[in-house]
Amino acid sequence: MGQIEQGLERALRTRPVPSRTEARLRFLLAAHCGSTRRVATVLGVSQRTVQRWVTKKPGARRPPGPTRIRLIEEAVLARWQPRVRARLRAQAEAEGFVFHTRARLGFAAAAGSSDDPRVRWITQDLPGEVARELFAARDAGAGKQQQTAILARALGHAYFRDGGRRAHGLHIAFSDVEFADFSI
């Protein structure tokens with residue numbers, strides 16, 4: 001998962017996801033009305049295996065392995081705060097968002113120009129159309145390059161071209177993303 005996708009995920013949460021495996025299993029059990037059978041079906045394991053993971057008996061408890069821990073994490077992330085995520089996504093698509101990044105940005109210019117690509121800190125308001133395009137690309141399984149291209153186009157228009165008032169026809173370079181955060 002790239003920096004951009006991680007930033008989108010952080011923006012769509014209001015509470016942190018449980019970090020310990022035991023807490024994640026408790027969340028899955030609560031989400032499925034305490035049914036170890038349903039949790040087992042979601043994770044693709046037997047009901048007895050889930051019972052071993054969540055038992056209170058000290059000698060009977062068996063921790064899940066690394067591949068199962070990843071499955072548990074993915075299941076929790078898919079079910080974490082669905083209504084909050086939907087509300088924040090709708091708000092970002094309607095009103096836009098603020099994009100914070102540290103990355104290599106610029107455009108082809110004369111040598112020594114202040115517009116040469118270099119590492120910059122940028123905080124920029126971006127419109128809801130960008131949010132819609134970014135979420136649609138993410139939902140369609142777009143990779144890091146496609147998400148970067150969407151944000152490069154948006155930053156080029158809003159930051160370098162000042163909303164279309166100057167510097168027409170410039171190709172924006174946006175690479176080496178160190179971090180990407182979104183404020184909705």
Side-chain angles (χ1 to χ4, degrees), residues 1-21 23-33 35 38-45 64 66-105 120-161 163-164 171-184:
M1 186 181 298
Q3 294 291 331
I4 295 169
E5 193 159 343
Q6 287 176 357
L8 279 174
E9 286 299 316
R10 281 191 303 269
L12 294 176
R13 291 188 212 124
T14 58
R15 292 184 328 195
V17 178
S19 58
R20 293 182 24 243
T21 304
R24 290 177 177 170
L25 284 167
R26 281 195 307 272
F27 169 76
L28 286 175
L29 281 170
H32 293 287
C33 304
S35 172
R38 290 184 191 164
V39 173
T41 302
V42 166
L43 298 176
V45 296
T67 56
R68 300 296 186 203
I69 289 174
R70 278 193 297 279
L71 285 173
I72 293 167
E73 180 182 9
E74 290 171 7
V76 168
L77 288 175
R79 289 161 180 78
W80 190 252
Q81 295 185 314
R83 290 182 293 190
V84 171
R85 294 170 62 85
R87 179 178 47 83
L88 288 173
R89 180 177 174 162
Q91 182 180 348
E93 290 177 350
E95 301 170 8
F97 59 90
V98 179
F99 181 55
H100 313 275
T101 188
R102 179 180 162 105
R104 184 168 300 280
L105 280 125
R120 302 174 193 239
W121 290 86
I122 291 184
T123 297
Q124 183 66 46
D125 286 322
L126 294 176
E129 297 86 44
V130 176
R132 278 191 292 280
E133 188 177 358
L134 198 56
F135 283 123
R138 188 188 69 160
D139 293 345
K144 179 180 168 183
Q145 289 178 332
Q146 192 173 0
Q147 293 174 349
T148 302
I150 292 167
L151 287 171
R153 194 169 45 252
L155 284 172
H157 181 74
Y159 182 79
F160 287 107
R161 295 186 198 106
H171 176 71
I172 304 302
F174 181 54
S175 61
D176 303 334
V177 178
E178 292 180 17
F179 79 89
D181 279 331
F182 299 84
S183 298
I184 299 173

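Of all heavy-atom pairs between Gln147 and Ala142, the closest is NE2-O, 3.8 Å. Closest approach of Val177 and Ala103 over heavy atoms only: CA-CB, 3.8 Å. Taking every heavy atom of both residues into account, Thr101 and Ala180 meet most closely at OG1-CA, 4.4 Å.
A salt bridge is defined here as a Lys NZ or Arg NE, NH1 or NH2 lying under 4.0 Å from an Asp or Glu carboxylate O, and Arg102 with Asp181 fails to meet this definition. In this structure, Arg138 pairs ionically with Glu9, as a charged nitrogen and a carboxylate oxygen lie closer than 4.0 Å. In summary, Arg132 and Glu129 engage in a salt bridge, as defined by a charged side-chain N under 4.0 Å from a carboxylate O. Remark: Arg70 does not engage Glu74 in a salt bridge, criterion side-chain N to carboxylate O under 4.0 Å.
With contacts defined as side-chain heavy-atom distances shorter than 4.5 Å, the pair Ile122/Phe99 does not qualify. When side chains are defined from C-beta on, Ile4 does not count as touching Lys144, because their heavy atoms never get closer than 4.5 Å. Between Leu25 and Arg20 the shortest side-chain heavy-atom distance does not fall below 4.5 Å. Put simply, the side chain of Gln91 reaches to within 4.5 Å of the side chain of Leu88, judged on heavy atoms. Two residues are said to be in side-chain contact when any heavy atoms from C-beta on lie closer than 4.5 Å; Val98 and Phe182 fail this criterion.
For the atom pair OG1 of Thr14 and CD1 of Ile184, the computed distance is 11.5 Å after rounding to the nearest 0.5 Å.
Screening residues 121-148 for ring pair (Phe, Tyr, Trp, His ring centres under 6.0 Å) gives Trp121-Phe179 as the qualifying pairs, with residues at least two apart or on separate chains.
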Step-by-step salt bridge (charged side-chain N to carboxylate O under 4.0 Å, His left out) determination, Glu133 to Arg153: CA-CA 11 Å; Glu133 188 177 358; Arg153 194 169 45 252; 2.4 Å; yes

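Under the salt bridge (charged side-chain N to carboxylate O under 4.0 Å, His left out) criterion, Arg38 pairs with no residue at all, not counting sequence neighbours. The side chain to side chain contact (heavy atoms under 4.5 Å, CB included) check on Arg15 picks up Trp80, Gln81, with sequence neighbours excluded.
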